[in-house]
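Only one structure is covered here, and it is reproduced in the block below.
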Amino acid sequence: MPTITLPDGSQRAFDAAVTGTAIAEAIGPGLARAALVMVVDGQEQDMARAITADAQVKFITRKDPAALELIRHDAAHLMAEAVQALYPGTQVTIGPSIENGFYYDFYRNEPFTPEDLPAIEAKMRELVARNETFTREEWDRDVAVKYFEDKGERFKAELIRDLPPSETITIYRQGAWLDLCRGPHLRSTGDIGTAFKLQKTAGAYWRGNAKNPMLSRIYGTAWRDQKELDAYLTQLEEAERRDHRRIGREMDLFHIQEEAVGSIFWHAKGWKLYRTVEEYIRRRLERNGYEEVRTPQLVDRKLWEKSGHWEKYRKNMFIAEVVEEESTLALKPMNCPCHVQIFKQGLRSYRQLPLRMAEFGSCHRYEPSGALHGIMRVRAFTQDDAHIFCTEDQIASETVKFVELLESVYKDFGFESFAVKFSDRPDERAGADEVWDRAEGALKTACEMAGVTTTLNQGEGAFYGPKLEFVLRDAIGRDWQCGTLQVDFVMPERLDAEYVTADSARARPVMLHRAIIGSFERFLGILIEQYAGRFPLWLAPTQVVVATIVSDADDYAAEVATALRVAGLTVELDVSNQKIQAKIRDHSLHHVPNILVVGRKEAEERTVALRRLGGAAQEILPLQQAIALLKAEAMPPDLRGEAKHGA
RNA sequence: GCUGUCAUAGCUCAGGGGUAGAGCACUUCAUUGGUAAUGAAGAGGUCCUGGGUUCAAUUCCCAGUGACAGCACCA
């Protein structure tokens with residue numbers, strides 16, 4: 001005699017166990033048609049499942065955003081059936097729904113290629129049209145294992161064998177095809193709809209382990225209706241237009257070539273952008289109590305052996321040897337051991353802590369070739385690195401200060417939101433468990449004090465300590481770690497850093513490794529995509545172009561350009577033999593934020609016609625006024641308040 | 001690193017066993033014009049590198065390098 005409570009609080013009593021389908025029908029035919037899955041006491045279940053006890057029930061319809069995940073999950077099953085129908089002998093493995101779509105990993109001697117996709121997609125549409133009901137069955141574990149093994153599905157059999165003993169083995173049928181699945185599923189294949197598209201093929205390791213066989217993965221995207229699918233595909237195209245590699249070339253910011261894989265050739269304009277960011281960060285650090293240092297590029301392997309990097313990261317380091325000497329040097333892959341060397345010069349007092357030591361540290365790491373990506377993932381990079389030497393008691397307050405600074409910096413660059421991950425101890429690590437307990441505890445407390453919400457990234461900490469990762473998202477939806485804060489009790493111990501305490505004893509400082517933008521290379525890549533090349537004035541590599549209408553205005557235009565340069569703006573002069581329309585178009589395509597147009601009239605009246613990027617209107621201003629206006633607009637955000645106060 | 005795809009002018013790309021094309025960009029000439037393309041002419045290629053097959057290879061085959069996508073990696 002279950003009583004069902006609906007979201008509006010109303011209740012319905014049934015004489016016997018009742019299925020979701022029956023409840024929906026009892027409420028009304030409209031809901032019966034629309035309900036895809038029910039939620040029983042917070043748990044999603046198939047419509048056909050019977051409810052035996054009192055429960056809170058609601059229904060998920062196509063309008064519900066939760067339907068997306070169901071559609072994608074089912075689309076993955078559908079694709080697996082289609083693939084096995086078209087390519088007998090292909091083994092199935094797993095196929096989850098993911099952000100924006102789904103994938104399925106298959107095992108097959110011949111990997112799938114993009115040419116295979118249209119046939120598979122066509123088959124899927126055929127299966128949707130067939131509208132097969134999804135039916136759920138509970139199987140005995142041994143029966144299930146034997147069934148899949150007999151079919152030659154060794155990956156599936158392995159999955160079932162590895163399921164925890166408490167887990168009920170459920171199988172879903174769709175027509176003649178079946179798969180192991182936890183569910184729930186839509187009512188039938190027809191519910192999936194037709195707003196899906198297979199996108200690409202790729203390799204992926206079985207169970208995500210590089211030692212396992214390579215599977216063939218097919219990615220697809222699926223939506224509730226065609227409109228959503230079209231919008232998503234349009235968004236993908238937009239993302240491609242924003243790609244920093246494309247914009248970097250078009251705006252003449254940088255290039256990479258075969259002779260220096262993973263290193264950036266910064267062109268004048270890109271370097272201007274880089275310097276603007278560097279100068280900004282330098283000001284922020286100096287005003288937040290950091291001192292800047294500079295340490296060697298090439299350091300003897302002995303130091304890396306002491307720090308532990310040699311043992312763990314030897315394969316990822318660039319080594320330099322000299323004919324004249326026995327020594328082996330390594331290009332530094334990180335700055336912290338060098339900073340400890342500075343800390344160790346002379347006796348340090350507790351009065352000096354926290355000591356915040358910053359460096360725009362240029363590092364080299366041999367990254368696997370497949371990891372390289374434009375300027376986002378490179379082998380030679382520069383960090384806005386700093387190490388805070390402090391006492392254990394100071395960890396929390398230093399973390400809070402750091403997070404405040406980081407938030408303010410991200411905001412100045414136009415990032416209002418970012419994700420924070422908490423990475424705890426990895427399997428392979430240095431330091432005793434007791435030390436890790438303290439480090440993780442201190443970081444957790446600090447996060448609470450700073451009001452930071454984190455998601456746990458289990459086992460992903462650095463080998464010397466737990467860390468926070470601050471993640472920004474690029475235009476293509478990929479997440480990039482930029483900021484970081486790592487608590488380290490190990491490095492000071494290994495490299496023997498110490499300070500004199502208030503009672504004249506010796507103690508180990510704690511080191512906080514921290515970066516806000518992370519690597520300049522990566523951060524600039526994200527900035528380029530964030531703004532699609534249309535930077536705010538303070539960051540724009542070319543802030544103003546002075547363009548002439550007639551050659552009679554050339555002298556005046558040169559005078560205007562010089563005056564702007566004296567005011568500190570980055571200016572280009574365009575006196576080329578082109579019509580003004582062509583000049584406007586050219587500079588607009590290169591995302592120049594301001595064009596000052598000068599013709600005979602302006603030259604005579606000592607004015608300029610200011611044209612904003614993307615705007616149609618012009619504004620005629622006296623030269624001095626235009627300069628003052630642009631100069632104020634080009635002020636970096638951290639200096640704006642001061643300007644107002646007359647500083 | 002692994003799997004797959006790709007590599008032709010500065011860029012975007014077409015082509016194809018018989019010494020290579022378009023558009024844009026570039027140079028020159030004419031044009032001096034008022035807010036997203038003035039016109040004409042010209043120059044520009046080791047068709048990624050090495051090997052093989054062939055009378056002949058940029059094209060077909062093999063290897064390497066690099067790029068791209070995903071996976072793995074990311075102190």
Side-chain angles (χ1 to χ4, degrees), chain A residues 103 105 110-115 199-219 243 245-246 249-250 252 255-259 261-262 304 307-309 312-313 315-317 332-337 363 365-374 376-379 381 383 426 428-430 460-465 467 469 476 478 480-481 484 486 488 490-491 513 518-519 522 547-554 575 577-589 595-602 609-618 620:
Chain A
Y103 69 78
D105 287 347
E110 279 286 292
F112 291 105
T113 69
E115 286 78 60
Q199 292 171 296
K200 56 193 170 191
T201 59
Y205 298 108
W206 168 235
R207 298 194 148 176
N209 188 330
K211 291 186 181 113
N212 288 343
M214 177 71 73
L215 306 171
S216 182
R217 176 175 295 181
I218 301 178
Y219 281 95
D243 191 311
R245 294 165 295 189
R246 168 203 286 259
R249 194 190 314 111
E250 287 169 355
D252 194 19
H255 85 273
I256 307 172
Q257 67 186 48
E258 219 173 303
E259 289 83 353
V261 172
W304 306 113
S307 69
H309 291 99
K312 188 152 179 4
Y313 290 109
K315 285 202 184 92
N316 304 298
M317 288 163 75
K332 69 174 169 186
M334 55 179 350
N335 309 299
C336 40
C363 297
R365 295 179 186 171
Y366 182 77
E367 302 284 3
S369 57
L372 302 176
H373 180 86
M376 305 275 235
R377 186 84 183 268
V378 289
R379 289 179 176 158
F381 57 93
Q383 295 167 304
E428 240 184 284
R429 58 180 182 262
E460 297 294 321
F463 76 92
Y464 47 69
K467 63 181 179 186
E469 289 176 7
I476 314 166
R478 281 185 277 217
W480 296 95
Q481 184 207 311
T484 183
Q486 310 171 3
D488 182 2
V490 173
M491 203 60 58
H513 307 241
S519 105
R522 170 173 303 177
T548 52
I549 293 169
V550 291
S551 49
D552 287 352
D554 285 2
V575 291
N577 186 9
Q578 276 294 335
K579 288 174 74 165
I580 191 63
Q581 287 90 330
K583 295 186 188 185
I584 298 276
R585 178 181 151 84
D586 185 36
H587 301 301
S588 298
L589 286 173
I595 302 175
L596 292 186
V597 177
V598 296
R600 277 199 196 93
K601 203 165 146 236
E602 286 78 11
L610 171 61
R611 187 189 197 280
R612 307 285 195 172
L613 176 58
Q618 62 169 345
I620 309 282

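Proteins come first, then strands; the chains are lettered A, B, ... in the order of their sequence lines, and each starts at number 1. All figures in this text were calculated on a predicted structure; none of them were measured in a lab.
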Can you tell me which nucleotide in [options] comes closest to the side chain of [X]?
| X | options | value |
| --- | --- | --- |
| A/Glu367 | B/A69, B/C73, B/G33 | B/C73 |
| A/Arg611 | B/U35, B/U38, B/U3 | B/U35 |
| A/Val261 | B/A67, B/U35, B/C74 | B/A67 |
| A/Gln581 | B/G1, B/A72, B/U38 | B/U38 |
| A/Ala371 | B/C73, B/U35, B/G66 | B/C73 |
| A/Ala210 | B/G1, B/A72, B/G34 | B/A72 |
| A/Lys200 | B/A69, B/A75, B/U35 | B/A69 |
| A/Arg249 | B/C11, B/U38, B/U32 | B/C11 |
| A/Tyr205 | B/A75, B/A36, B/A72 | B/A72 |
| A/Glu258 | B/G66, B/U35, B/A75 | B/G66 |

Gap between atoms [atom1] and [atom2], on [X] and [N] respectively (whole Å):
| X | N | atom1 | atom2 | answer |
| --- | --- | --- | --- | --- |
| A/Glu250 | B/G10 | CD | P | 17 Å |
| A/Tyr313 | B/C74 | OH | C1' | 8 Å |
| A/Ile580 | B/A36 | CD1 | C1' | 11 Å |
| A/Arg246 | B/C68 | CZ | P | 14 Å |
| A/Phe463 | B/C73 | CZ | P | 18 Å |
| A/Gln257 | B/U65 | CD | P | 18 Å |
| A/Lys312 | B/C74 | NZ | P | 7 Å |
| A/Leu372 | B/G66 | CG | C1' | 11 Å |

ask   = Side chain of A/Glu602, base of B/G34: donor and acceptor closer than 3.5 Å?
value = yes
task = Kindly say whether, by distance alone, the side chain of A/Arg377 makes a donor-acceptor pair under 3.5 Å with the base of B/C74?
result = yes
So [X], base contact, sugar-phosphate only, or nothing? Heavy-atom distance under 4.0 Å.
| X | value |
| --- | --- |
| A/Asn316 | base |
| A/Tyr219 | sugar-phosphate |
| A/Ile256 | nothing |
| A/Lys467 | sugar-phosphate |
| A/Pro333 | base |

query = Cut-off 3.5 Å, side chains only: do A/Arg217 and A/Tyr219 have a donor facing an acceptor?
reply = yes
query = More 5' along RNA chain B: A/Ser551 or A/Gly208, using each one's nearest nucleotide?
reply = A/Ser551
ask   = On RNA chain B, nearest-nucleotide positions of A/Ala609 versus A/Tyr464: which is more 5'?
value = A/Ala609
Between B/C29 and B/A69 - P atom distance, rounded Å = 43 Å
task = Would you mind reporting whether A/Arg611 and A/Ser588 have side-chain heavy atoms less than 4.5 Å apart?
result = yes
query = Any donor-acceptor pair under 3.5 Å linking the side chain of A/Arg365 with the backbone of A/Pro333?
reply = yes
task = Determine yes or no for a side-chain-to-main-chain donor-acceptor pair under 3.5 angstrom, with A/Arg377 supplying the side chain and A/Gly370 the backbone.
result = no
key: Nearest non-hydrogen partners of A/Gly262 and A/Ile256, listed with the distance   = N-CG2, 4.2 Å
key: Qualifying residue, where the test is side chain to side chain contact (heavy atoms under 4.5 Å, CB included) with A/Thr548 and the options are A/Val597, A/Ile580, A/Leu596, A/Val598   = A/Val598
